[in-house]
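These notes concern the structure reproduced below.
Residue numbers start at 1 and run along the sequence shown.
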Amino acid sequence: MKKIMIVDDEYDITESIKNGLTRKGFEVTAYNDPVKALDEYVPGSHDLLLLDIRMPKMNGFELYREIIKKNDSIKICFFTAFEVYYDEFRKMFPDLHVKCFIRKPITISDLISHINGELNEK
């Protein structure tokens, strides 16, 4: 069973994604506070992280920067209701090659396609 961590400051979003992915066989941990997610993150405990970009206290890019200090091989997908921030990401992390940016809203089946694509990528 694949383990996914979701971090989004909107409770309704984390709960609906968590419920949808759980029904499809994923084990899901959800956080609405990026600082708490970082504090409780254990390297090797998840196969993929889904991080919202715009959050209070710490945005998704900042959270990503801190998590890769703990585990530089973790797979990450950013998701956002706003425009895709690939160019901004490349400026902040020129040596990293995260290509998984997901636009909200998204159906669970489309999200699973993104997740499986990312998990199957070498």
Glu40 side chain to Tyr31 side chain, donor-acceptor N/O pair below 3.5 angstrom: yes
CD of Glu118 to OG of Ser113, rounded to nearest 0.5 Å, is 13.0 Å
Can you tell me if Lys70 has over 12 outside heavy atoms packed within less than 6.0 Å of its NZ? yes
What closest approach, in Å, do Met1 and Gly25 show between heavy atoms, and which atom pair accounts for it? CG-O, 3.1 Å
To check you understand the geometry: which heavy-atom pair defines the closest contact between Ile67 and Leu38, and what is its length? CG1-CD1, 3.8 Å
Can you name the closest pair of heavy atoms from Asp110 and Thr107 and give their distance? N-OG1, 3.1 Å
Tell me if a side-chain donor or acceptor on Asn32 pairs with a main-chain N or O of Asp8 at a distance below 3.5 Å. yes
With sequence neighbours excluded, tell me which residues meet side-chain hydrogen bond (donor to acceptor under 3.5 Å, both in side chains) with Lys57. Asp33
Determine the minimum heavy-atom distance between Ala30 and Lys18, stating which atoms define it. CB-CD, 4.1 Å
A side-chain contact here means heavy atoms from C-beta on lying under 4.5 Å apart; do Asn71 and His46 qualify? no
Is there a side-chain contact between Leu50 and Ile4 (heavy atoms, below 4.5 Å)? yes
Hey, can you tell me if Tyr64 and Phe78 have their rings parallel, tilted or perpendicular (30° and 60° cut-offs)? perpendicular
Heavy atoms only: give me the nearest Leu119-Lys2 pair and the separation to one decimal. CD1-CG, 3.9 Å
After noting the C-alpha distance and the side-chain angles of Leu21 and Ile112, does the key distance pass the side chain to side chain contact (heavy atoms under 4.5 Å, CB included) rule? CA-CA 8 Å; Leu21 292 178; Ile112 290 170; 3.6 Å; yes
Test of understanding: with side-chain hydrogen bond (donor to acceptor under 3.5 Å, both in side chains), list the residues that count as partners of Glu10, not counting sequence neighbours. none
For Ile115 and Cys77, what are the C-alpha separation, side-chain angles and deciding distance, and is it a side chain to side chain contact (heavy atoms under 4.5 Å, CB included)? CA-CA 8 Å; Ile115 290 170; Cys77 285; 5.7 Å; no
Checking the side chain of Asp52 only, and the main-chain atoms of Val7 only, is there a donor and an acceptor separated by less than 3.5 Å? no
Could you give the distance from CE (Met58) to CG (Asp9), rounded to the nearest 0.5 Å? 13.0 Å
Assess the residue pair Phe79 and Ile6 against the criterion (side chain to side chain contact (heavy atoms under 4.5 Å, CB included)); give the C-alpha distance rounded to whole Å, side-chain angles, the decisive distance to 0.1 Å, and a yes or no. CA-CA 10 Å; Phe79 63 119; Ile6 303 166; 3.9 Å; yes
Decide salt bridge (Lys or Arg N to Asp or Glu O under 4.0 Å) for Glu66 and Lys69; before the verdict, give the C-alpha distance in whole Å, the side-chain angles of both, and the deciding distance to 0.1 Å. CA-CA 5 Å; Glu66 295 305 313; Lys69 290 177 184 176; 3.1 Å; yes
Enter the distance from Lys24:NZ to Asn116:CG here, rounded to the nearest 0.5 Å. 11.5 Å
Can you measure from NZ (Lys3) to OG1 (Thr29) and round to the nearest 0.5 angstrom? 8.0 Å
Separation of Leu48 CG from Met5 CE (nearest 0.5 Å): 11.0 Å
How about Ile53 and Phe101: do any of their side-chain heavy atoms sit closer than 4.5 Å? yes
Pro34 versus Pro56, closest heavy-atom pair with distance: CG-O, 3.6 Å
Would you sort out whether Asp12 and Glu15 count as a side chain to side chain contact (heavy atoms under 4.5 Å, CB included), showing the intermediate values? CA-CA 5 Å; Asp12 292 345; Glu15 283 305 297; 6.0 Å; no
